[in-house]
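Written out below as structure tokens is the structure these notes cover.
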Amino acid sequence: MMDLLEFPAPARASSILRLAGRLGRAIRGLPLSVIVGSLILLFWIACALFGDRLVPFDPYGEDFLATLAPPDATHWFGTDQLGRDIFSRIIVGSRDILLVAPLATLGGVASGTIIGLVLGYFDGLVDAVGARLLDTLMAFPFIVLVTMTLVALGPSNVTVILVIAIAYAPLVARTVRAAVREQREREYVSAARLGGENAFAIMVLEILPNIRETILIELVTRLGYAFFSIATLSFLGLGIQPPSADWGLAVADGYGFLTGGKWWGVVFNSAAIVSLVMATNLIAQGVGAFENVDR
Amino acid sequence: MLSGRTLSTRAASLLLTLWLVSVLVFLAGQVLPGDVGRVMLGPFADAQAVAALNKQLGADQPLLVQYWRWFSAALTGDFGTSLSMRAPVAPFVLQSLGRSAALAGIILLFLVPAGVGAGIVAGLNQGRLADRLIVLTGISFGIVPDFVSGLLLLMVFGLWLNWFPITGAAPDGAGFWTSGYYLILPALPLVLNLTGYLARMTRAGVVEALAADYTRTATLKGLDRSQVILRHVLPNALTPTIAVLATQSGYMLGGLVVIEALFGIQGLGNLVLNAAKSRDFPMLEAGVLVMATIFVLSAAAGDLIQALLDPRQRRRASL
Amino acid sequence: MTKRTDIDALRNLSGDIWNVAVDEYAQGFLRRRDLLKYAALIGLTGFAASQGLSFSGTARAAAGGGTVRVGLGQPTKAIDPVTLTDPASIGVISQVGEYLILDDPKDGLQPKLAVSWEADETAKRWTFKLRPGVKFHDGRTVTAKDVVASFERLVDPNSGSSALSAYKGILSKGGAKVVDDETVAFDLDQSNSNFPFYVSSDVYNAVILPADYAGDFEKTFNGTGPFKLESFRPKQGASFVRNPDYWGDKSLPDRVEIKFFDDEQAQVVALQAGQLDVIPSTTRLELAIDGNPNFKLLTVQASSHDPVHLRTDQPPFTDKRIRRALALTLDREAIVKGLLKGRAVVGNDSPFAPIFPSADPSVPQRKQDIAEAKRLLAEAGVPNGFEVTLTTERAYDIPDYAVIIQNFAKKAGIDIKLNVLPQDAYYGSATFGSSPWLDSNLGITDFGHRGTPDIFLNATLKSTGAWNAAHFKNPDYDTLLVDYGKARDLQAQRLAAGKIQALLLDETPEIISYFSQYTRISSTKVEGVRFTAISHLLLDRVTFVQA
């Protein structure tokens, strides 16, 4: 990058314009899906960061005179059972899910990668035992696992992150393991071994960079599923605490009113969840996550 | 390929996994506070009564002893008595397995044609409108949570339009077709959820197969397009499908807790979740083991079929 | 009925204790209905009946027949009166099982398997006369032996009975005795003027079963009730048919069909589809039928409440001024209207619900007063408020209630963080030291209806109480409680109650801001559905309205 301070002022302005031009061209080069997905994602990130300053109503203030009011000019998305404005809550509710989901996915992918590297590189006992343990974890019913973790640790964001990470790690490990196995036969690995590099160095310095794409794809795909799973967990009462405006929690709250014809709580919050998952999927698709399927 | 040695190694690792799962359940019991007596009598019951009930049920023994007793009995095929239902575990588990299997069957009945069909269409029209539409629709339906779509479908098609019964449990003595009819509505949320995923998998397989050498060779040889598709593309496109079905079957048979509750289906997922909540150790072990067995078996079957169909992929798919 | 001669006639019916009540009635302190209920309590059942307190329900000579279709939740375990705890199982047992006395929400104590009762002067020995000629469904006649065995089972510490805590300190093993084939006597551990409630439907386990009952209720459902078992499918449902040998008015409907639901929404959908006639209700479900002319809401005012306990033995609530401050931030009327949609009455921080005749209505009702709350906090040394965690369970409207309390408390500077646990996690093992319920500084619990406040006064607020989440150890309270227990007549009870209520307002170990109603939803096509606030469901007088 040029050192802008070295140039005289007018030249600085034109170099900024040139930068903008370069950026614009880069963006235009991206597939449409990635652009749309990123815009949606950026919108929600902005909501999470600045939403509480821009919302028309206090997202946490109840109003007993206006409980379960249908959408109208004052409350664009209606109100919930405590009279809180749903539009405001949806804006602010992006915060929890945008914090928890990436952390959970990161946790799952990171631990899955480590496990996959180890199991993929080493044969014999390590792999046999490790694969068995992974199978066990995958075979164990998710719901029971969640209930147990919840009871043991209490409901909180940390519990949710942990549970999702534990659930995703084996799946990621499986994919990484397969990828590592493929790489293991390549020349550069045998060359490194001959060169005296120890196993740890080979795994991290040689193989890991070469399976970067696989990991990235796992990350982006899993993120989409994480949004979904977290919403489900909140629905089952196993995650984010009231009075958080978290979307999954809001769907759980509004669920009991659907048969009474009060649909706005569930529909708008579900739409928010759907939009976020959609955004991630679009980005994932754009970077070719669904092209090279190797399961 | 299917040597006796491979099979027996496979079987051994299967059993090992199952045993590990049962141990995991035992560990879970250690971690979970509360005991079956307290759960059955509620928080307001006298501690003495709780202790007496625990003694009656044999739940006052250390968990390791309980596990050992259960394990040794299980080896002879006796899965014990449910602590909260006070009746043998096996009939409950088997009946709930049957109901979940029926639901899974109906799901697959709709899912496979829809998913594979859509995937093939998308793959053959890669890049064009049909392709984009299918992928997008698939993604959209795939992310509506099943508890939302389940209730909405129930209200719209069951209640207002009255096209389907509002429960998944057919009345006693209902025939094969009637029982199936009752399961259509409960199956729909999952069909919607998974069609997109299956379509994408199939699509990827089709795309890869279309670009492969053997396809080009066949086209060059003069084979007409539909022949090419039928003989070369389709079989290869199906391998990812099998993989998907294998991994999803475990989920379908034990993970559909919300759908089962909503449609009154006393399935395996419900059984296991309630057993966990009630600290009903024998029921929990039996239920989890059945789920684990199915998962492991179907994963193994999936791998085997994939290996049979494509020796080239065998190494990559094996686990 | 206030003519002089009538009052004198009343006086002759019984002794001094009764006459105190008559005095109250004559002076206008006691309503007629409550007087009649009190008459029933002390055994003047014949008199109460003659005064129009109906004992067998409104026996319409309407068309009988038909099947009542009922939706219930899912029983949590095998159905057995001894270990009974959940509403669905109670609903099922109500069809076939009966008690010595039924505590009817409108008409009070009704003789069922017992026809009359009386206490000796010490109120430590109660004698019950049984109804002759009552048969179990298997044909055998009910005798005193069966009654005694039923109660012995419930108070036996080794039987795993869920009623053990209900009888602690009242009735022990060996206390129930056969006097003759049709008479049973109870020798209590201590005097208790309210004992008839303890053998009534209030203690839902106290179903009268054969002496040789061995714990296999699901096989036979053998009881004395107006319906008997037709079929039972675990986890799915049960059906019952009219009992032609019933001792009372035979049931009007031919059959009762019960279906178990794992999910509330599915239950409502079934009701809306016309497949059910009656289901239990919650605030949410009411909305589903709001304005729908095909359904109606049936309500019964109850003493069920959700106490907010404040631990008195450790910060931040050691100082009673701080406790009072929190209580003063709540706008109780708003809570009743906004959260409970009016299906409740306001509470005054003591278990004495307005429906209890012993409650003293002259105790001033606490109201919201933010200024006073702030003043008390300043006085106690925390003028800028403080932070505290509220631990509670995810059940019914409680999480919403917690959010409301959080918002009110903010007004005085009290910053509450919420920790909403699944129900079983909240209760833990229900013993001090391993239960968030009993260990938390601030929490909300839910208590179902009881016929008298006794159990709440003892278990939750006595120093040695097993449910004393507030760790409230106040010797004055314990003394007043003994006085209340000793009180033989209504006036004395009320006096003691008034003192207790005042003490609790001052100390505020718990906040009780409402007593809710118990509700069910039924189709408008059925009439005569009766139920108690403890989830008993009485369907023998149900008729179907001709369109």
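The chains referred to below are lettered A, B, ... by the order of the sequence lines, with proteins before strands, and numbering in each begins at 1.
- C:Thr83 touches chain B through backbone and side chain together, each having a heavy atom under 4.5 Å away.
- The local environment of CZ in B:Phe157 is sparse, with at most 12 non-hydrogen atoms from other residues, nucleotides or ligands closer than 6.0 Å.
- Only the side chain of C:Thr445 comes within contact range of chain B, with heavy atoms under 4.5 Å apart.
- Taking CD of B:Gln48 as the start and CG of C:Asp156 as the end, the distance is 9.5 Å to the nearest 0.5 Å.
- Atoms CG and CD, on C:Asp263 and B:Glu260 in that order, are 12.0 Å from each other to the nearest 0.5 Å.
- Residues of residues 52-65 of chain B lying under 4.5 angstrom from chain C, judged on non-hydrogen atoms, are B:Ala52, B:Leu53, B:Gln56 by number.
- To the nearest 0.5 Å, atoms CZ (C:Arg233) and CD (B:Gln95) are separated by 10.0 Å.
- Within 6.0 Å of NZ in B:Lys277 there are 12 or fewer heavy atoms belonging to other residues, nucleotides or ligands.
- Taking each heavy atom of C:Ser429 and B:Arg38 in turn, the nearest pair found is O-NE, 3.2 Å.
- Nearest heavy-atom pair, B:Ser84 versus C:Lys77, reported as atom, atom and distance to 0.1 Å: O-CB, 3.3 Å.
- C:Ser165 pairs in a side chain to side chain contact (heavy atoms under 4.5 Å, CB included) with only one of the listed residues (B:Asp46, B:Leu41, B:Val50), which is B:Asp46.
- For C:Ser162, the parts lying near chain B are the backbone and the side chain together; criterion is any non-hydrogen pair under 4.5 Å.
- In this pair, C:Phe447 and B:Phe44 present their aromatic rings tilted. The plane angle is within the 30 to 60° band.
- Interface summary for chain C: among B:Ala87, B:Pro43, B:Ala45, the most heavy-atom pairs under 4.5 angstrom belong to B:Pro43.
- To the nearest 0.5 Å, atom CE of residue B:Met85 and atom NZ of residue C:Lys235 are 5.0 Å apart.
- Taking non-hydrogen atoms and a 4.5 Å limit, the residue list of residues 160-169 of chain B in contact with chain C, ordered by number, reads B:Ile166, B:Thr167.
- Looking at heavy atoms from C-beta onward, B:Met40 lies out of side-chain contact with C:Thr85 at the 4.5 angstrom threshold.
- Residue C:Glu264 does not touch chain B at all, counting heavy-atom pairs closer than 4.5 Å.
- By the 4.5 Å heavy-atom criterion applied to side chains, C:Gln74 and B:Gln266 are counted as neighbours.
- For B:Tyr181, the OH atom sits in a packed shell: over 12 heavy atoms of surrounding residues, nucleotides or ligands are nearer than 6.0 Å.
- For a residue to count as touching a neighbouring chain, one of its non-hydrogen atoms must lie under 4.5 Å from one of that chain's; by this rule C:Ala466 does not touch chain B.
- Heavy atoms of C:Pro157 lying under 4.5 Å from chain B belong to its backbone as well as its side chain.
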